[in-house]
There are 2 protein chains.
Amino acid sequence: MNLKQLSHMLSLSQTTVSRALNGYPEVNEETRRRVMDAAKRHGYRPNPSARRLATGKSGMIGYVLPTGAAVDIDPHFVEFLSGLGDYARAHELDLVLSPADADDEETTYRRIVANRQVDAVYLSSPRPADKRLALVNTLGIPFLVHGRSEGFDFDYPYLDIDNEGAFHEASRLLIQLGHKRLALINGNDRETFAIHRERGMRRALAASGLTLGERHIRSVAMTEENGYRAARRLLEEDERPTAIVCSSLIMALGVVRAVRDLGLAIPGDLSLVAHDDVFPWLRPENFPVPLSTTRSSIRLAGARVAERLAARISGLEEGARGEVWPVDLVVRGSVAGAPV
Amino acid sequence: MNLKQLSHMLSLSQTTVSRALNGYPEVNEETRRRVMDAAKRHGYRPNPSARRLATGKSGMIGYVLPTGAAVDIDPHFVEFLSGLGDYARAHELDLVLSPADADDEETTYRRIVANRQVDAVYLSSPRPADKRLALVNTLGIPFLVHGRSEGFDFDYPYLDIDNEGAFHEASRLLIQLGHKRLALINGNDRETFAIHRERGMRRALAASGLTLGERHIRSVAMTEENGYRAARRLLEEDERPTAIVCSSLIMALGVVRAVRDLGLAIPGDLSLVAHDDVFPWLRPENFPVPLSTTRSSIRLAGARVAERLAARISGLEEGARGEVWPVDLVVRGSVAGAPV
DNA sequence: AGAGGCTTCCAAAGCGCTTTGGCTATTTTG
DNA sequence: CAAAATAGCCAAAGCGCTTTGGAAGCCTCT
């Protein structure tokens, strides 16, 4: 059933039927009802390929997926996807993943824009002065950044959590508990979120006249193994830290293992706080010692990104609105006063 | 730059240019070269929307993503995606994720097929007599199943690992080490992979005159917490098992925690084997006691699925070919002889 | 020399939608 | 009451490709 058949069957022109269906004003309300009715009754669905060719709109949102033998997709991605899907489903928005060589994402961005494959894209894990962001901004396709970049002379729309505030609060708590030697096990410090977290922590320390020594900060890919290694190096020092703030639950697994291996105890010898993106399959309250966390559901963020993207596509949202979500600090058994 | 301009510039018809570019035989080789040349020089890329409208082919593969508040996307998915992307990138194949209500995926399948949004789809986590499989089979779109189903009167193309063989081997090893009370912490036993794993284990036990008691098998969603709970229940019994085989590394984390909480030791009191899908961020060799595993890279599977899907789209692969990959049994410190 | 067969190309007709420009009534306005 | 505005509809022209159904030119064969 296509438009031609439908319009013929209604003794109307394709123009009128098309307009009736798409809510244009220049059609009599009664005619519109007739058309709508017939369309529903016959299960008419406009052919998206044809519509796309005519309008240039695809009804899909895009994401360029960096791939390559050395590239690991962040496990957070799947949770984010869940959220995105939750919203997108209700609006029949599909998501197109365009795999790209991690060393040359530009080609792919250019391709999907030139081909008008998607109506909007979102970027994640931005770095300061991220090239992708500049590119997508000049290409003129609607976009939204999950996270933030820095160092541009233009503004852009984004959704981020208050990483700096979160780690500031976590650090402040630890300091108030008497800790003086804090350490940070961070994610890749070329990504903005990691920079913000470090900044938050330094700010809290500075406020109490403390500092974060070079040796007390590790910046690594967020795997269990890296968490372990980082923790061991930190804890085997002479003046070992009495509190660690850690950028992910997965790394925290490694930290816990290291603490055990060294015969230390949480929170007796070491207080630990980690950031929790809220995975259904790994929960901080189920750590050997329930883990204090800075918590923010990445899944909710995914849903919100989809929502805003949809709004941008339909023109409801414009401009460079930035949105920063507060982060909960959830205190559980893994923090205590500094050992004497 | 579109076809019209290009052909005009070459003083050829659109027909000829189109044919030259698409490798049709009825065009002079020299003309073809001229055309190819000009196309490359001017960076001509056929508009996919137009091509799609004309041919019905989209150059994308599809996946219906079950979503909903109660639905958690499997973290394995992202690794699978990595692999898929590795292959797809080289072939400019995009992946479209169509979110669907987990309780009604059928509508979405019908939509993407009716709309010809994708050239092929893949299904994952199939169950016995999975409705999606039957649906997709009748809808007539090329497809590939990652995993296997059972109980159909038709064959279908799939890629699966030898789950039964893997758990058979793991169990056999444990039995040979003198274990008599084995337990299984499995995934959702409505999914085929879990059924196969249980079958493999039972087969190994039966071969030695042993059985798997009802109380010695747990079937749960694969989270750390569920692993913990299942292990506790198993280990708090009077006649507790001396060996556990576990369907995922994430659950194994919980098992390890439970063992610790109960004051037991691995492998002294309990031998443990888990299935490892090979995550970059959680490796069995880094468990407190290095974990023995049945190992199969889900990432490689993703790449292979993409490859076969591409072959199916282009007609290079046909019929209902099933492909079953062997699974490695990797022995590490977590298994030992049965306690006396 | 004429019939038949290749080779190489083309004009035009789709694919199924949206949108432009225009046309005919009907209503409003000065 | 004539002129202007408005409401409601339509034919046709795209969107940029692929593909059908020739057609022209040149060989080959009998």
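Heavy atoms only: backbone and side chains are in, while hydrogens, waters and symmetry mates are out. Residue numbering restarts at 1 for every chain, and letters A, B, ... go by the order of the sequence lines. These figures come from a predicted structure and were not determined experimentally.
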message = Quick test of your reading of the model: are Asp119(B) and Lys57(B) salt-bridged, counting only N-O distances below 4.0 Å?
response =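 Salt bridge flag = no for Lys57(B) with Asp119(B).
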query = Does the pair Glu307(A)/Arg304(A) count as a salt bridge with the N-to-O cut at 4.0 Å?
reply =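 Answer for the salt bridge query: yes.
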What is the separation between atom [atom1] on [X] and atom [atom2] on [N], rounded to the nearest whole Å?
| X | N | atom1 | atom2 | result |
| --- | --- | --- | --- | --- |
| Gln14(A) | dC15(C) | CD | P | 11 Å |
| Tyr24(B) | dC10(C) | OH | P | 17 Å |
| Asn47(B) | dC17(D) | CG | C1' | 8 Å |
| Glu30(A) | dG8(D) | CD | P | 11 Å |
| Gln5(B) | dG16(D) | CD | P | 9 Å |
| His8(B) | dA11(C) | NE2 | P | 11 Å |
| Arg19(B) | dT18(D) | CZ | P | 11 Å |
| Met1(A) | dC17(C) | CE | C1' | 15 Å |

query = Is any side-chain N or O of Thr15(A) under 3.5 Å from a base N or O of dT19(C), one able to act as donor and the other as acceptor?
reply =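 Between dT19(C) and Thr15(A), which were checked side chain against base, a qualifying N/O pair under 3.5 Å is present.
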query = If you look at every strand shown and take non-hydrogen atoms under 4.0 Å, does Thr31(B) touch a base, only sugar-phosphate, or nothing?
reply =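 Thr31(B): backbone/sugar contact only, no base atoms under 4.0 Å.
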query = With sugar-phosphate meaning primed atoms plus P, OP1 and OP2, does Ser11(B) contact a base, only sugar-phosphate, or nothing at under 4.0 Å between heavy atoms?
reply =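 Sugar-phosphate: the residue Ser11(B), judged by heavy atoms under 4.0 Å, touches backbone atoms but no base.
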Give a yes/no on whether any side-chain N or O of [X] is located under 4.0 angstrom from OP1 or OP2 of [N].
| X | N | result |
| --- | --- | --- |
| Asn28(A) | dA7(D) | no |
| Asn2(B) | dC15(D) | no |
| Tyr44(A) | dC17(C) | yes |

Options [options], nucleotide nearest the side-chain atoms of [X]:
| X | options | answer |
| --- | --- | --- |
| Ser13(B) | dT18(D), dC17(D), dC10(C) | dC10(C) |
| Leu53(A) | dG16(D), dC9(C), dT18(D) | dG16(D) |
| Ala54(B) | dC17(D), dC17(C), dC10(C) | dC17(D) |

query = Testing Phe143(B), Phe80(B), Tyr156(B), Tyr158(B) for ring pair (Phe, Tyr, Trp, His ring centres under 6.0 Å) with Tyr122(B), which one passes?
reply =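 Option passing the ring pair (Phe, Tyr, Trp, His ring centres under 6.0 Å) with Tyr122(B): Phe80(B).
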inquiry  = Take a 6.0 Å sphere around NE2 of His8(B) and say whether it holds more than 12 heavy atoms from other residues, nucleotides or ligands.
reply    =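 It does not: His8(B) NE2 has 12 such atoms or fewer within range.
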inquiry  = Checking the side chain of Asp86(A) only, and the main-chain atoms of Gly68(B) only, is there a donor and an acceptor separated by less than 3.5 Å?
reply    =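 Such a contact is found between Asp86(A) side chain and Gly68(B) backbone.
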